[in-house]
Amino acid sequence: MDADAASFANAVLTWQRRYGRHDLPWQQQDAYRVWLSEVMLQQTQVNTVIPYYQNFLTRFPDLKELADASIDEVLQHWQGLGYYARARNLHKAAIIIRDQHQGCFPRDFAELEVLPGIGRSTAGAILSFAFGQRWPILDGNVKRVLARCFRVPGWYGQSATMKQLWYLAEAVTPGEYTAEFNQAMMDIGSMICVKSKPKCEACPLKDMCASYRHHSQAEYPQKKPQRVKPHKRTLMLLHRCDEQILLWRRPPSGIWGGLWSLPEVDEASAVELWQQSFLSIVQSPRALQQDVIRHQFSHYSLDISLAIIELEALPDGISDTENYAWVDTKDIGKHGLPTPVRKILSLLQE
DNA sequence: AATGCGTGGGT
DNA sequence: TACCCAAGCAT
């Protein structure tokens with residue numbers, strides 16, 4: 001490590017001891033808990049994660065409990081947190097560790113990074129936080145600190161930019177106190193080097209920050225030119241019979257993969273054909289719900305229309321008993337549902 | 001290499 | 001309001 005990198009690390013570590021966060025629930029914990037927290041924290045803010053982390057740990061207190069559980073129950077505990085592939089991959093990785101690593105977390109970077117849901121940054125976080133090894137991390141906070149400090153051009157989606165950021169992350173990471181350093185970089189990013197109006201006067205890197213020197217903090221990181229968010233629409237079918245509601249298990253990949261939801265068709269004219277195929281009945285909804293529910297994803301917005309169909313009796317057969325189920329309203333909570341569907345069904349209870 | 005993948009909070 | 005984007009990864 002050269003002198004510049006050493007002074008960078010020293011400034012960061014000195015700041016951390018006094019101002020950094022030391023009381024997060026996953027700090028000073030075992031690899032399982034560090035891993036769980038890191039996956040939950042992918043693209044998700046600390047305050048959102050904390051209650052999910054606690055609740056998840058209560059049900060799955062260790063790796064074996066997680067590996068032995070059903071994916072349905074794992075997704076149930078993940079519902080509302082988003083990016084559900086994380087939960088599916090978490091479960092897959094738990095099974096691999098149980099079956100191929102004797103239930104012990106790999107301490108080797110290459111073995112860790114091939115596990116589903118564990119990329120370069122998460123592997124670095126686990127190895128540094130849980131095992132004290134020297135590996136850099138590169139989350140949104142660290143990216144922003146480095147992009148500003150070294151005036152890295154481009155935006156995060158660009159491979160050249162990411163390559164440069166990883167190079168810098170590697171270069172500034174000290175061989176000692178790596179966990180403290182990694183934590184410090186995230187803390188500086190989330191507390192000092194914030195997206196808008198960074199608190200540069202309080203920053204330990206003020207003296208070596210190129211953006212501060214050039215008064216160009218607002219220009220880094222550069223923003224990706226964004227395109228218009230597409231609009232999509234769907235029609236969800238709410239079949240009710242007494243207290244029973246028909247739910248559909250979504251395919252294991254794609255949006256809301258593996259979650260239970262309401263059956264969908266493209267438009268109202270397709271409802272009867274759908275019923276004929278899946279329920280062997282035909283009963284049109286009295287009327288479509290007039291209000292559409294507009295749900296915003298990061299990459300598109302979705303207008304959800306709702307058709308409520310009241311049935312006198314439960315249809316005899318469902319053509320696909322694996323992916324369709326009549327669920328009592330009081331048992332809805334046992335299923336992992338997309339957030340807008342959860343809201344629709346909770347309105348029904350009132 | 002660029003895009004798909006959730007949700008909620010901040011501005 | 002509309003937009004940004006957060007403890008990223010998989011493909």
Side-chain angles (χ1 to χ4, degrees), chain A residues 20-21 24-27 33-53 75 78-90 92-93 112-126 128-129 136-145 147 154-163 165-166 169 179 182-191 193-197 218 221-230 232 250-259 261 294-302 336-343:
Chain A
R21 292 177 292 191
L24 294 169
W26 41 82
Q27 291 182 309
R33 294 177 182 221
V34 170
W35 170 52
L36 174 63
S37 72
E38 289 300 328
V39 173
M40 284 188 165
L41 287 160
Q42 289 167 4
Q43 299 297 97
T44 310
Q45 298 184 3
V46 168
N47 287 337
T48 302
V49 164
I50 288 176
Y52 279 90
Y53 174 81
L75 283 169
W78 206 273
Q79 69 166 334
L81 196 55
Y83 284 147
Y84 299 97
R86 295 183 294 175
R88 302 193 300 270
N89 286 331
L90 193 79
K92 287 180 193 165
L112 210 48
E113 203 192 14
V114 297
L115 293 173
I118 299 182
R120 183 172 178 182
S121 189
T122 300
I126 293 170
S128 62
F129 290 136
I137 61 170
L138 192 59
D139 76 325
N141 293 306
V142 180
K143 286 181 208 167
R144 194 169 49 254
V145 172
W155 53 90
Y156 300 150
Q158 293 181 301
S159 56
T161 301
M162 295 306 294
K163 185 177 176 184
L165 289 171
W166 271 115
N182 284 344
Q183 184 65 50
M185 290 293 282
M186 292 192 286
D187 290 351
I188 291 168
S190 69
M191 298 164 66
C193 196
V194 291
K195 180 176 54 174
S196 64
K197 300 179 182 174
Q222 294 172 356
K223 288 169 190 164
K224 174 182 180 174
Q226 66 194 41
R227 59 189 62 177
V228 183
K229 189 189 283 190
K232 300 186 182 184
R250 301 183 61 92
S253 64
I255 195 76
W256 297 329
L259 294 189
S261 188
R294 176 156 294 177
H295 186 72
Q296 298 288 351
F297 294 106
S298 46
H299 45 317
Y300 63 91
S301 65
L302 180 66
L337 306 177
T339 292
V341 175
R342 165 82 46 206
K343 288 177 182 170

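Every chain is numbered from 1, with letters handed out A, B, ... down the list of sequences.
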At 4.0 Å (heavy atoms only), tell me whether [X] reaches a base, stays on the sugar-phosphate, or touches nothing.
X	answer
A/W26	base
A/G189	nothing
A/L24	base
A/T122	sugar-phosphate
A/V39	nothing

Is the Lys NZ or Arg CZ of A/K232 less than 6.0 Å from the centre of A/Y300's six-membered ring, within 45° of the axis?
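Here A/K232 passes the 6.0 Å and 45° test against A/Y300.
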
Against the six-membered ring of A/Y156, is A/K224 placed for a cation-pi contact (under 6.0 Å from the centre, within 45° of the normal)?
no

Figure out the [atom1]/[atom2] separation between [X] and [N], and round it to whole Å.
X	N	atom1	atom2	value
A/I255	B/dC5	CD1	P	5 Å
A/R144	C/dA6	CZ	P	6 Å
A/K229	C/dC5	NZ	P	12 Å
A/Y300	C/dA2	OH	C1'	19 Å
A/R120	C/dC9	CZ	P	10 Å
A/N89	C/dT11	CG	C1'	12 Å

Mind checking whether A/Y53 and A/W26 have ring centres under 6.0 Å apart?
yes

Nearest-angstrom distance, P atom, C/dT11 to B/dG6:
14 Å

Can you tell me how far P in B/dT11 sits from the matching atom in C/dA7, rounded to whole Å?
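Taking atom P in both B/dT11 and C/dA7, they lie 14 Å apart.
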
Please pick, from [options], the nucleotide with the shortest atom-to-atom distance to any side-chain atom of [X].
X	options	answer
A/Q45	C/dA6, C/dA7, B/dG6	C/dA6
A/S190	C/dC9, B/dG6, C/dA7	C/dA7
A/Q183	C/dA7, C/dA6, B/dC5	C/dA7
A/K195	C/dG8, C/dC5, B/dT7	C/dC5
A/S298	C/dA7, B/dA1, B/dT7	B/dT7
A/L41	C/dG8, B/dT7, C/dA7	C/dA7
A/W256	B/dC5, B/dT7, C/dC5	B/dT7
A/Q43	B/dA1, B/dT11, C/dA6	C/dA6
A/R227	C/dA7, B/dT3, B/dT7	B/dT3

Given the rule in the side-chain hydrogen bond (donor to acceptor under 3.5 Å, both in side chains) test, do A/S190 and A/N141 qualify, once you have shown the distances and angles that lead to the verdict?
CA-CA 6 Å; A/S190 69; A/N141 293 306; 4.8 Å; no

Is any N or O donor-acceptor pair between the side chain of A/R86 and the base of C/dA10 shorter than 3.5 Å?
no

Does A/T44 get its side chain close enough to the base of B/dG6, under 3.5 Å, for a donor-acceptor pair?
yes

Starting from the 5' end of DNA chain C, give me the residue, A/Y156 or A/I118, whose nearest nucleotide shows up first.
A/Y156

If you pin A/G140 and A/P221 to their nearest nucleotides in DNA chain C, which one's is more 5'?
A/P221

For A/S159 and A/G80, find the nucleotide of DNA chain B closest to each by heavy atoms; which residue's nucleotide sits nearer the 5' end?
A/S159

[X] side-chain N/O to [N] phosphate OP1/OP2 under 4.0 Å:
X	N	value
A/H299	B/dG4	no
A/Y84	B/dT7	yes
A/K224	B/dT3	yes
A/R88	C/dA10	no

Quick check: closest heavy atoms across A/P252 and A/R88, and the distance to 0.1 Å?
O-NE, 3.0 Å

What is the ring orientation for A/F297 with A/H295, classed by angle as parallel under 30°, tilted 30 to 60°, or perpendicular over 60°?
perpendicular

May I ask you to decide if A/P221's main-chain N or O and A/R144's side chain share a donor-acceptor pair within less than 3.5 Å?
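Not a single qualifying donor-acceptor pair exists.
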
